[in-house]
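Data first, discussion second: the structure below is written as structure tokens.
Hydrogens, waters and symmetry mates play no part in the numbers below; they use all other heavy atoms, side chains included. Below, read A as the first sequence line, B as the second, and so on, with proteins coming before strands; counting in each chain starts at 1.
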There are 4 protein chains.
Amino acid sequence: MGPRARTIEDKQQRRRTILEAAKKLFFESGYQNTTIEKITEVAGVSTGTFYLYFKSKREIYMALYADGVDIFHQMAQQAISWPGMGVLGRLSAIANAYYRFYKEYTEYFDILAFIHLNQEELENPSDMRTVLDEKALKLLKMIEGVIKGGVESGELAPMDTWKATNVLWGMMDGLVMLAERQNVTVIEVSLEELIKQALEIAFYGMVRR
Amino acid sequence: MGPRARTIEDKQQRRRTILEAAKKLFFESGYQNTTIEKITEVAGVSTGTFYLYFKSKREIYMALYADGVDIFHQMAQQAISWPGMGVLGRLSAIANAYYRFYKEYTEYFDILAFIHLNQEELENPSDMRTVLDEKALKLLKMIEGVIKGGVESGELAPMDTWKATNVLWGMMDGLVMLAERQNVTVIEVSLEELIKQALEIAFYGMVRR
Amino acid sequence: MGPRARTIEDKQQRRRTILEAAKKLFFESGYQNTTIEKITEVAGVSTGTFYLYFKSKREIYMALYADGVDIFHQMAQQAISWPGMGVLGRLSAIANAYYRFYKEYTEYFDILAFIHLNQEELENPSDMRTVLDEKALKLLKMIEGVIKGGVESGELAPMDTWKATNVLWGMMDGLVMLAERQNVTVIEVSLEELIKQALEIAFYGMVRR
Amino acid sequence: MGPRARTIEDKQQRRRTILEAAKKLFFESGYQNTTIEKITEVAGVSTGTFYLYFKSKREIYMALYADGVDIFHQMAQQAISWPGMGVLGRLSAIANAYYRFYKEYTEYFDILAFIHLNQEELENPSDMRTVLDEKALKLLKMIEGVIKGGVESGELAPMDTWKATNVLWGMMDGLVMLAERQNVTVIEVSLEELIKQALEIAFYGMVRR
DNA sequence: TATGAATGAGTTTTCATTCAT
DNA sequence: AATGAATGAAAACTCATTCAT
């Protein structure tokens, strides 16, 4: 339908078009309920073209995942890049970034969240997997860096920073997941407030006394 | 081939047999990779019989979910039923019950966890959904009851108890989910320790100062 | 479309129906050009039913192959079962059986012939393969038995009977294959005569002088 | 990417490159498993260029077949071109040439053999077919010439030389085909020995007594 | 109640061929 | 003459669900 993608930029663009279509559909209907046919239909290309740009359904999913992690990583990085912030400020900033990512990039967020539990469905790990895990690990390391800084500066009590990082992350994750379920309506508490409260609780628990 | 289930007990028994088969398989292979045929094979009944006891694949999944929530609810209830426990003891007990449930009833746990993110895959909400949300709500209310008690007794600082409940729950959930992913190996920190640390952090944040 | 196959005989019958449809189509259009859909269409069953009776396209092919070998084996066996036949008579009888098989069961013959060279297309050997090779081996052993008998009775010159068997078989095979190609028309010599001549030549070469 | 083939020689060269790539791949993986893309990749040209030199996948296959027949024809011709050879010597020489062709040009041999049985797969006959049959016919006529010479010189018994030619050819063909199948391992007899034995048997049958 | 044979829409993926540049 | 992106028709196989017995 579209004109042939002749230059590298054209091809990048076409890849993006397909990626966007897939993102939209994965978000709307989930991985299983999204068929290649639907993706190509929305992207306005033929089945064959899809396979010109992506090896498989799985691969496009992973590509989106990678993008999602990158986006969040960048958001978080930026959030803590202001000089003169205290640890608590930085951690709050990361939490906020997390929340903003959830709100503004829900499609990506859902893709990230989906992968948590459905690795079986996505079958064999492959190289991609490793790449992705590395990306995720780097993200956690960044957060740990912030906590470490806090401990060193004396703002936070001495602690196992790696454990603390995972606690913080798991906490945020858990809260958003809670909100993600239909339960959100059940809970009748806004996610934003929840995160704030969680941070408060956590921070009181972490600061040096 | 199987004898007819004439009495109500017979029927209940047969239902349980199918349920157990499904639980085993959902746990081993996930929802998508479990076929009705496999379930009936393991249960030793025919395909038709399956549909005599469950309306659809989805329904049996939901039934298992409900069972899982019930089991955990009972475990948590029991954990806090000792008289003379402080709030922190009670909350710890609940967290421990959560951990124990995760360890001892992993099949159920996975089923519960799966549902979080895959509601899309399970399609139309149906009545079951409501029943389940009610069950889950009751569970959260029980936890809130504990926190409320602590605030009233002055052990905990005054706070929005409903928010705090959700924070605690989300925290635990998030941690286990973190551990459930492949990331567990990445993280290299045992779940048990993580939960302990999380509680510590949270409790320090919650107690009256 | 047809009524449900309830008894074992019904099922055998249905299996046969599908088998016949496949045989016809493989013969008419070759393996690659025969689709499961065409087979089920001709057999008057649904796609799903096909897979109820055969694991794969390959399997139905192999099943036909096995039948073909069995049929020929029986024909050859019967051909040499008359008491009081000399070796040459027996070998002639086998060659005739081969020719009759080619004429009367061309569909089977073609399936047997096809497999010769296209094992790649049929991919991984599997158990079936072994079974089939055993069947083919048994057939050759039967022919060798006849030649051995001839050598022992002094009708034939002493020789490596296994080699001779393979020569004879390869000869017959080669001739029919020659006839099978479009070349038949080119050659303008009837297959029957060719086989007769070949036997004459071979026999003159084999008899004790 | 490739430079333009301006002169006729350039074009011939490019054609050859593609042909060689196809030969290699057809031999390694068979007709069905060889894609145009793989061929062009190996040949170092673009997909479009392939279709500039060959009308279809089928056509390149046929072209290789023609080459194969030509090569063997030349080998056989040369083998019998020594003056002062007897008939049996000449026939042996042809058989040896056949065997050598099988050994040294296995790729071509397989291509020739494949066509025997898979004409269906190659679809509509087309003009090529005729060309090929003519080539094959010429080959057989050459062999017949040798036999005729033998009959005329009295070395061989009087016989229908055309039939005998076909018998000999079919015999050789049949033996090699036997060896080509997986059965080779089953048979456990070397092809070379088989051909020798076959010739012996045949010659004893053909010589004047 | 129980059975299990039958269904058929639905899914991913391949690849020969075309054609605008 | 050469390119290679785009095409889209196949094709094999799966599986939740139905329904006649």
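D10(B) has its CG atom 9 Å from the P atom of dA2(E), to the nearest Å. The CD1-P distance, from I8(C) to dG4(E), rounds to 12 Å in whole Å. Between the C1' atom of dA11(F) and the CZ atom of R58(C) lies a distance of 18 Å, rounded to the nearest Å. Rounded to whole Å, the distance from CG on L25(B) to C1' on dC15(F) is 15 Å. If you take NZ of K11(C) and P of dT21(F), they are 17 Å apart, rounded to a whole angstrom. Between the P atom of dT1(E) and the CD atom of Q12(B) lies a distance of 12 Å, rounded to the nearest Å.
Of the listed nucleotides (dA5(E), dT14(E), dT3(E)), dA5(E) has the atom at the smallest distance from the side chain of R4(C). With dA16(E), dG4(F), dT14(E) as the choices, the nucleotide that has an atom nearest any side-chain atom of Y51(D) turns out to be dA16(E). If you check dA2(E), dT3(F), dT7(E) against the side chain of L52(C), the one that comes closest is dT7(E).
No salt bridge links D67(D) with K135(D); every basic N to acidic carboxylate O contact stays at or beyond 4.0 Å. Contact check on E28(A) versus K24(A) returns a salt bridge, with a Lys/Arg side-chain nitrogen under 4.0 Å from an Asp/Glu carboxylate oxygen. A salt bridge is absent between K38(B) and E41(B); no separation between the charged side-chain nitrogens and carboxylate oxygens falls under 4.0 Å.
The residue among K38(C) and F50(B) whose nearest nucleotide of DNA chain F is located toward the 5' end is K38(C). With the nearest nucleotide of DNA chain F identified for both E37(C) and I36(B), E37(C) has the one nearer the 5' end.
Among the atoms of the strands shown, only primed sugar atoms or phosphate atoms (P, OP1, OP2) are found under 4.0 Å from some heavy atom of T35(B). Residue T34(C) is in sugar-phosphate contact alone, with no base atom involved, counting any heavy-atom pair closer than 4.0 Å across all strands shown. Residue contacts for S56(A): at a heavy-atom cut-off of 4.0 Å it reaches the sugar-phosphate backbone alone, with no base atom in range. If you check every strand for non-hydrogen atoms under 4.0 Å, F54(A) touches nothing.
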| field | Verdict with reasoning, V69(D) to Y108(D), per side-chain contact (heavy atoms from CB on, under 4.5 Å) | value | CA-CA 8 Å; V69(D) 177; Y108(D) 278 117; over 6 Å; no
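OP1 or OP2 of dT7(E) has at least one side-chain nitrogen or oxygen of S46(C) nearer than 4.0 Å. Taking side-chain N and O atoms only, R14(D) has a distance below 4.0 Å to OP1 or OP2 of dA2(F). For T49(B), a side-chain nitrogen or oxygen approaches OP1 or OP2 of dT3(E) to under 4.0 Å. Proximity of K57(A) to the phosphate of dT13(E): no side-chain N or O atom is located under 4.0 Å from OP1 or OP2. Side-chain N/O atoms of Y53(D) include none lying less than 4.0 angstrom from OP1 or OP2 on dA1(F).
Ring pair F26(D)/Y31(D) is parallel by interplanar angle, where below 30° counts as parallel and above 60° as perpendicular.
Annotation for L19(A) and A63(A): closest pair CD1-CB, 4.3 Å, computed over non-hydrogen atoms. Between I39(A) and A21(A), the shortest heavy-atom distance links the atoms O-CB, 3.7 Å.
Between F54(A) and F50(A), the ring center distance clears the sub-6.0 Å criterion.
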| query | How would DNA chain F look in dot-bracket form, 5' to 3', counting Watson-Crick and G-U wobble pairs with both distances under 3.5 Å and writing | for bases paired to another strand? | reply | .||||||||||||||||||||
